[in-house]
Student: 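Right, I'll just put the structure down here and ask away after.
In what follows, every heavy atom counts, from backbone to side chain, and hydrogens, waters and symmetry copies are set aside.
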Amino acid sequence: MKPKLPKKPVSTVHQQRLPLFCKKTKFETIFGNIELSKELNQTHKDILDAMTTCSIKKGKTLEGRMFIVFEIREVLKFLGHKKITNHKWLSQKLDDMMSTIIKLQYTKNDRIYKIHSNIINKFGYSEKFKKENIKEGTFGEGCYYVVVFSEEFTKLYEHDTVIYLDKQTIKAIVDVSSDFVKSVIRFCMSHQQCNMKLEDIMYYLGYENISERHKQRLKAEILKYKNYLEENFNIIVKQEKNQITIFYKSNLSVFLPE
């Protein structure tokens, strides 16, 4: 019996297997190729996941672009911001994803898919989605916030395998302070199961030409979260001498279609 689908389809396999949000501008792996006009990081991915999790409505425009409607305060609260009125910070991050051009290529079922586009097409308050019982003069004039994704990025959700996560799991990822640990979690969750050396995962995530000191620091970050990873994501971290191995098997909080 398949697990019941959580409410939110939050990501796709190749968003998490490729170092799209790992401060890389160009990289090639067995999972595909990416090229970005500027760096994006795990904070940008957190925002995408938070918008989906906190959305009050999702749909497609007449042009076929995916859109998400949400309350900014709820997204910032979910992200753990102390100032949940910090709209400027969120707008800057959304602008990053609107101004960054990504080239992505991957293969699925022997078919090659290519994307050459930005992630976000436009964003802002929308007169179409008004709140009830809001006084005039309030920030945003009582409108909900809307993000419209590019047509190409929307197609990623149509062609790629979609990952479904429950709200508690997404929140547990967002609450991790290490970008590297977040990227490892998301990489693991793009698989039904995983049994890999940490150094191999590091390579796939774009950490291929780093100093030994940097490598040891990243290993220390994983070991710091060892118990947290097992308790929240069913990710087992084992260390033998100087080698760390990551074991993962999908659980009921994750649904990844075959």
Side-chain angles (χ1 to χ4, degrees), residues 2-22 29 31-36 40-70 75 78 93-94 96-123 126 129 144-167 169-171 173-174 182-183 185-192 205 250 253-258:
K2 289 186 176 181
K4 184 179 179 181
L5 277 176
K7 294 182 180 179
K8 306 293 184 180
V10 298
S11 190
T12 69
V13 162
H14 287 89
Q15 282 185 60
Q16 303 195 172
R17 285 187 188 174
L18 293 169
L20 188 59
F21 300 96
C22 294
T29 78
F31 300 116
N33 310 328
I34 64 160
E35 187 173 342
L36 289 78
L40 298 175
N41 56 41
Q42 289 292 305
T43 300
H44 296 99
K45 183 66 178 121
D46 286 347
I47 291 169
L48 291 177
D49 290 358
M51 290 190 308
T52 302
T53 304
C54 301
S55 64
I56 62 168
K57 184 178 178 62
K58 290 180 67 178
K60 285 187 178 180
T61 66
L62 294 175
E63 297 81 15
R65 297 186 178 100
M66 183 173 66
F67 70 82
I68 296 178
V69 183
F70 59 91
V75 167
F78 189 83
K93 297 300 181 184
L94 294 176
D96 288 343
M97 290 186 276
M98 187 170 68
S99 60
T100 301
I101 303 299
I102 63 172
K103 292 181 182 180
L104 188 153
Q105 178 178 312
Y106 65 94
T107 302
K108 181 183 176 184
N109 298 328
D110 297 324
R111 182 176 176 182
I112 296 175
Y113 293 94
K114 296 181 180 180
I115 291 175
H116 185 180
S117 174
N118 52 0
I119 294 175
I120 292 174
N121 177 255
K122 58 184 177 180
F123 61 89
S126 174
F129 301 100
Y144 285 106
Y145 215 70
V146 180
V147 169
V148 180
F149 294 92
S150 69
E151 186 176 354
E152 291 285 318
F153 192 74
T154 298
K155 288 179 181 177
L156 189 59
Y157 283 83
E158 297 171 356
H159 300 152
D160 200 5
T161 302
V162 177
I163 300 172
Y164 296 79
L165 299 176
D166 62 27
K167 185 175 182 178
T169 301
I170 299 168
K171 179 59 176 170
I173 297 173
V174 168
K182 284 180 182 178
S183 66
I185 295 168
R186 287 175 165 136
F187 177 87
C188 289
M189 287 187 168
S190 71
H191 298 78
Q192 293 284 4
L205 293 175
S250 182
S253 68
V254 183
F255 180 77
L256 184 63
E258 296 287 352

Student: Do the side chain of Asn121 and the main chain of Val148 share a donor and acceptor less than 3.5 angstrom apart?
Tutor: no

Student: Does His44 form a side-chain contact (heavy atoms from CB on, under 4.5 Å) with Ile119? I'd like the steps, not just the answer.
Tutor: CA-CA 11 Å; His44 296 99; Ile119 294 175; over 6 Å; no

Student: Please confirm whether the backbone N or O of Phe187 pairs with a side-chain atom of Ser190, one donor and one acceptor, at under 3.5 Å?
Tutor: yes

Student: Could you state the interatomic distance from CD1 (Ile120) to NZ (Lys93), rounded to the nearest 0.5 Å?
Tutor: 12.5 Å

Student: Does Lys57, at its NZ atom, have more than 12 non-hydrogen atoms belonging to other residues, nucleotides or ligands within less than 6.0 Å?
Tutor: no

Student: So, for Leu18 and Gly32, which heavy atoms are closest and what is the spacing to 0.1 Å?
Tutor: CD2-O, 3.5 Å

Student: Would you please test Ile47 and Leu94 for side-chain contact (heavy atoms from CB on, under 4.5 Å) and show each step?
Tutor: CA-CA 8 Å; Ile47 291 169; Leu94 294 176; 4.1 Å; yes

Student: Atom CD of Gln42 and atom CZ of Phe21: how far apart are they, to the nearest 0.5 Å?
Tutor: 8.0 Å

Student: About how many Å separate CZ of Arg17 and SG of Cys188, when rounded to the nearest 0.5 Å?
Tutor: 11.0 Å

Student: Measuring from atom CD1 of Ile34 to atom CG of Leu20, what distance do you get when rounded to the nearest 0.5 angstrom?
Tutor: 5.5 Å

Student: Ignoring hydrogens, what is the shortest heavy-atom contact between Phe31 and Tyr106? Give both atom names and the distance.
Tutor: O-CB, 3.6 Å

Student: How long is the gap from CD1 on Ile101 to CD on Glu35, to the nearest 0.5 Å?
Tutor: 11.5 Å

Student: Under a plain distance cut-off of 3.5 Å, with no hydrogens placed, do Ser150 and Glu152 share a side-chain donor-acceptor pair?
Tutor: no

Student: Using a strict 4.0 Å threshold on nitrogen-to-oxygen distance, state whether Arg186 and Asp49 make a salt bridge.
Tutor: yes

Student: Taking the side chain as every heavy atom from C-beta outward, state whether Lys155 and Ile115 have any pair of such atoms under 4.5 Å apart.
Tutor: no

Student: Do you know the tightest heavy-atom contact between Pro9 and Val162?
Tutor: CB-CG1, 3.5 Å

Student: Using atom types as modelled and distance alone, determine if a side-chain donor or acceptor of Thr169 lies under 3.5 Å from a backbone N or O of Leu165.
Tutor: no

Student: When you measure from the side chain of Glu63 to the backbone N and O of Glu151, does any donor-acceptor pair fall under 3.5 Å?
Tutor: no

Student: Going through the checks in order, is the side-chain contact (heavy atoms from CB on, under 4.5 Å) test met by Thr12 and Thr161?
Tutor: CA-CA 6 Å; Thr12 69; Thr161 302; over 6 Å; no

Student: Carefully, step by step, assess Lys114 and Leu104 under the rule side-chain contact (heavy atoms from CB on, under 4.5 Å).
Tutor: CA-CA 6 Å; Lys114 296 181 180 180; Leu104 188 153; over 6 Å; no

Student: For the pair Phe153 and Tyr157, name the ring-plane relationship: parallel under 30°, tilted 30 to 60°, perpendicular over 60°.
Tutor: perpendicular

Student: Rounded to the nearest 0.5 Å, how far does CG of Leu48 lie from CZ of Phe149?
Tutor: 5.5 Å

Student: How far apart are the closest heavy atoms of Ala50 and Phe78, and which atoms are they?
Tutor: CB-CD2, 3.7 Å

Student: Are Ser11 and Lys45 close enough, and set up right, to give a side chain to side chain donor-acceptor pair (under 3.5 Å), and what steps lead you there?
Tutor: CA-CA 9 Å; Ser11 190; Lys45 183 66 178 121; 3.0 Å; yes

Student: Is Asp46 salt-bridged to Lys182, going by a charged N under 4.0 Å from an acidic O?
Tutor: yes

Student: Could you check whether any side-chain N or O of Asn41 sits under 3.5 Å from a backbone N or O of Thr43, counting only pairs where one atom can act as donor and the other as acceptor?
Tutor: yes

Student: Between Thr154 and Arg65, do the side chains contain an N or O donor and an N or O acceptor separated by less than 3.5 Å?
Tutor: no

Student: Which heavy atom of Gln15 sits nearest to which heavy atom of Asp160, and what is that distance?
Tutor: N-OD2, 4.4 Å

Student: Does NZ or CZ of Lys58 come closer than 6.0 Å to the centre of the six-membered ring of Phe67, within 45° of the ring's axis?
Tutor: no

